[in-house]
Amino acid sequence: MAFDFASIDLPVKDIIPEVKNHLENEQTLIIKAPPGAGKSTLLPLALLEQSWLGNKKILMLEPRRLAAKSIAARMADLLGEEVGQTVGYRIRFETKVSSETKIEVLTEGILTRMLHNDNALENIGLIIFDEFHERSLNADVALALSRESQQVLRPDLKLLIMSATLDMKHLSTMLNAKVVESEGRQYPVAIHHLEDTDPYLIPELTANAIIRAVKKHEGDVLAFLPGQGEIMRCEGILRNELPDFKIHPLFGQLPQGKQRAAILPNREGKRKVVLSTSIAETSLTIEGIKIVVDSGFGRHSEFDPQSALTRLKTHRISRDSADQRAGRAGRLSEGVCYRLWNPVTNSRLDEHRMPEIEQADLASLVLDMAEWGIRNPEDLTWLTPPPKGSVSQAKELLHSLDALEHGNITEHGKELHQLPTHPRIAHMLVYAEENDLLALATDLAALLEERDPLGKEHGTDINERIEALRRYRKEKGKGKRFAHIEKIANSYRKLFKIEAENNYVDAYETGILLAHAYPERIACARPGNNAQFQLSNGKIAFIGHKDDLAHEPWLAVASIDARDEMGKIFLASPLDPKDLAPMVKQKEVITWDYRDGELIASNDLRIGNIVLKSTPIHHPDESLRQQAICDAIKKDGERLLDFNKDVQQWQSRILSLRHWNPEQHWPDVSTASLLVDCEKWISPYINKVKNADDLKKLNLLEILQHSLDWEFQEKLEKLAPSKIKVPSGSNIKIQYDEKGNPPILAVRLQEVFGLEATPMINNGKNGVLMHLLSPGFKVVQITADLRSFWENTYFEVKKEMKRRYPKHSWPDDPTDAEAVRGVKRKK
DNA sequence: CTCTCCCT
């Protein structure tokens with residue numbers, strides 16, 4: 001285990017003494033180091049023989065399997081050893097460690113597993129989080145859990161967080177940790193901002209920028225575009241415009257051979273242009289790039305807790321992503337980067353990429369926590385807490401899979417948690433085990449977890465993929481894609497100790513398995529709507545007209561993009577409705593029909609939102625009826641109820657007081673919060689309501705006034721009156737602002753003759769903003785200080801008014817004159 | 001009728 005640091009020249013070497021020093025005394029430390037500093041290989045080796053480590057091990061977390069393996073290999077190489085001796089690695093279904101191993105490189109999800117087996121991580125002395133700036137869900141979970149372990153069980157456990165660009169302040173405050181900063185090894189990159197692109201013109205404008213850049217500069221080009229579609233269009237343009245260049249697309253779905261061709265230096269001696277998705281930002285490195293062209297857009301999936309579906313979104317990238325992309329031009333020598341956005345847009349970019357936890361499916365996380373005995377993930381300390389909506393969706397799903405009961409993990413839930421996969425797939429595997437369908441389920445699990453091995457031209461039937469996988473297995477075929485999937489399927493078979501099956505696939509068996517993994521995605525053809533389906537979660541989805549599955553009456557959907565109006569189905573299987581019998585529920589349903597604006601009550605047989613049979617009910621249960629009305633109000637109350645001007649003023653009066661006098665605790669009567677809690681105030685008034693007309697007729701102002709405590713009602717009239725009496729005798733309505741801005745009193749100038757100063761409200765604490773109007777109700781002056789107006793500006797205004805309204809009275813001393821409503825003739 | 005990336 002001899003290792004000579006003197007022979008190595010990497011920037012991170014300079015900070016090693018400082019890091020050692022801090023770790024002597026501190027439990028948690030942050031290292032900020034740009035890529036290329038050498039931190040991932042040198043630091044763990046440098047820390048091996050620290051006395052505080054004793055004979056405990058170092059764990060280092062990596063976001064990707066490939067990185068975990070190659071970093072372990074590099075470290076072993078530096079020690080002159082094989083992987084598995086001093087340095088080993090663990091990724092899912094693959095472990096290379098021995099009793100000698102002191103440094104284990106893991107992918108991030110593995111740590112959570114290890115923590116479950118040994119909460120205290122007894123033989124671990126240090127956990128290193130590499131590439132923490134990527135903020136993957138698993139890294140955030142790993143940090144939260146190891147912090148918990150450090151605080152509760154293992155005060156001697158040390159944590160080292162390494163990151164390239166990150167919100168260091170937030171991180172170091174939250175972890176109460178010092179930051180050590182290292183230089184990078186990076187050549188300067190000259191950055192040029194061009195004009196903003198319209199997202200629809202990305203391929204054309206990127207192509208233009210590339211064509212101009214290759215004329216001005218030497219070297220190969222790497223361009224970042226959001227996705228496959230844009231890459232193909234850009235490629236088409238460049239093939240015509242730059243015939244002497246080698247053009248390489250690069251994205252995840254591309255076969256491995258073509259990916260390699262894009263990454264490796266080309267032999268033909270032609271200059272090269274690589275058109276890539278964000279895959280080249282972190283996962284793949286292309287050597288020899290001197291020019292980066294960045295469209296400024298990327299694509300990512302967003303989880304919608306409402307439907308438990310994800311959707312792909314095209315978004316502007318964050319500044320740290322943009323910097324990382326630009327840095328790709330400066331790895332070997334000086335470079336240049338063209339950005340398709342202007343300096344103003346640049347100043348408005350988000351600083352950091354959004355942490356995955358904010359927009360991910362949290363089912364695994366919530367099950368993990370439940371296994372730890374943590375009922376609410378919010379109870380842990382998070383860098384970014386998991387969003388409430390996603391947490392409650394996850395809980396709901398886990399309850400429906402019988403993994404949780406009243407928030408606690410069940411025996412079935414523990415069984416699911418044991419399996420190294422998403423709870424949905426685990427649930428499917430357990431069902432398969434009980435129904436003798438495991439061989440099929442393991443093939444299916446592997447296919448569901450990985451990228452679709454077949455292209456779009458193959459349609460959406462997942463059974464075609466299973467058959468292709470089985471053919472591959474039987475014929476010992478080639479093809480990297482199926483090799484990868486077969487490896488995972490095989491790992492699952494080993495787990496369950498079963499043999500592979502290579503015979504034909506019963507599509508209905510696939511269907512019922514999928515229906516167990518994705519019960520809310522059971523789909524029933526919509527009568528009369530070709531290739532459209534009603535999903536059990538309420539959503540409508542469509543499939544290509546020419547697709548083999550387009551005419552199936554029932555589908556079990558595996559993969560779907562939520563879209564806005566209608567989801568698009570990517571993978572599914574035919575389904576035999578007879579198999580669904582155990583999932584059919586009888587339910588009395590009362591719903592608000594938004595189209596006709598009335599309540600409908602029926603006794604239904606349903607699978608989620610798919611109605612199999614419906615019998616009308618004439619006298620529905622009163623409490624269900626009321627609940628249905630309240631649900632409708634919650635969803636669409638702003639339209640269903642009569643929020644007229646008077647109601648709005650009442651709301652603004654209270655909201656203003658809420659701002660002005662926080663110590664009085666005025667209730668939040670904004671429309672949104674009223675609707676959320678509508679049961680509390682509207683219930684007594686809706687027992688006769690049957691339809692939209694009845695709702696509209698409710699006197700909302702009266703109802704809301706009654707909902708207020710008597711004390712508040714009185715105070716409201718005193719502190720924020722709805723009207724003010726002016727000298728002319730008119731009662732003028734005050735226009736309050738819901739944000740607490742000064743309320744407006746719009747009144748004709750002549751009606752306030754004799755009023756010396758601005759009227760005050762809220763016990764004399766707040767003045768109104770006077771909009772003084774001409775006799776024709778045009779604003780002639782806005783003032784918060786009436787006295788000053790009379791003394792200064794009035795005479796100017798008077799001149800103008802006299803000219804335009806000569807028949808009216810415009811006295812010289814307005815504070816002493818008689819106020820008038822209409823025309824008062826001059827004497 | 002636009003499919004990013006990654007992980008137990």
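Quick note on labels: first sequence line is chain A, next is B, and so on, each numbered from 1.
Applying the side chain to side chain donor-acceptor pair (under 3.5 Å) rule to A:T285 yields the partners A:R328; only residues at least two apart in sequence or on another chain are considered. Under the rule for a side chain to side chain donor-acceptor pair (under 3.5 Å), the partners of A:T460 that lie at least two apart in sequence or sit in another chain are A:D547.
Nucleic acid contact class of A:L419 (heavy atoms, under 4.0 Å, all strands): none. At a threshold of 4.0 angstrom between heavy atoms, the contacts of A:T107 are confined to the sugar-phosphate backbone, with no base atom among them. Looking at heavy-atom distances under 4.0 Å, A:G227 makes contact with sugar-phosphate atoms alone, never a base.
In the set B:dT2, B:dC5, B:dT8, B:dT2 carries the atom at the smallest distance from any side-chain atom of A:E230. Nearest to the side chain of A:R64, among B:dT8, B:dC6, B:dC5, sits B:dC6. Nearest nucleotide to the A:R451 side chain, out of B:dC6, B:dT8, B:dT2: B:dC6.
Two residues, A:R92 and A:L312, neighbour DNA chain B, and the one matched to the more 5' nucleotide by heavy-atom proximity is A:L312. Both A:S301 and A:E108 sit near DNA chain B, but only A:S301 has its closest nucleotide nearer the 5' end.
Donor-acceptor pairing under 3.5 Å is recorded for the side chains of A:E108 and A:S136.
Atom NE2 of A:H133 is separated from atom C1' of B:dC5 by 14 Å (rounded to the nearest Å).
Taking the 5.5 Å centre cut-off and the 30° plane limit, the aromatic side chain of A:F542 is classed as stacked on B:dC1.
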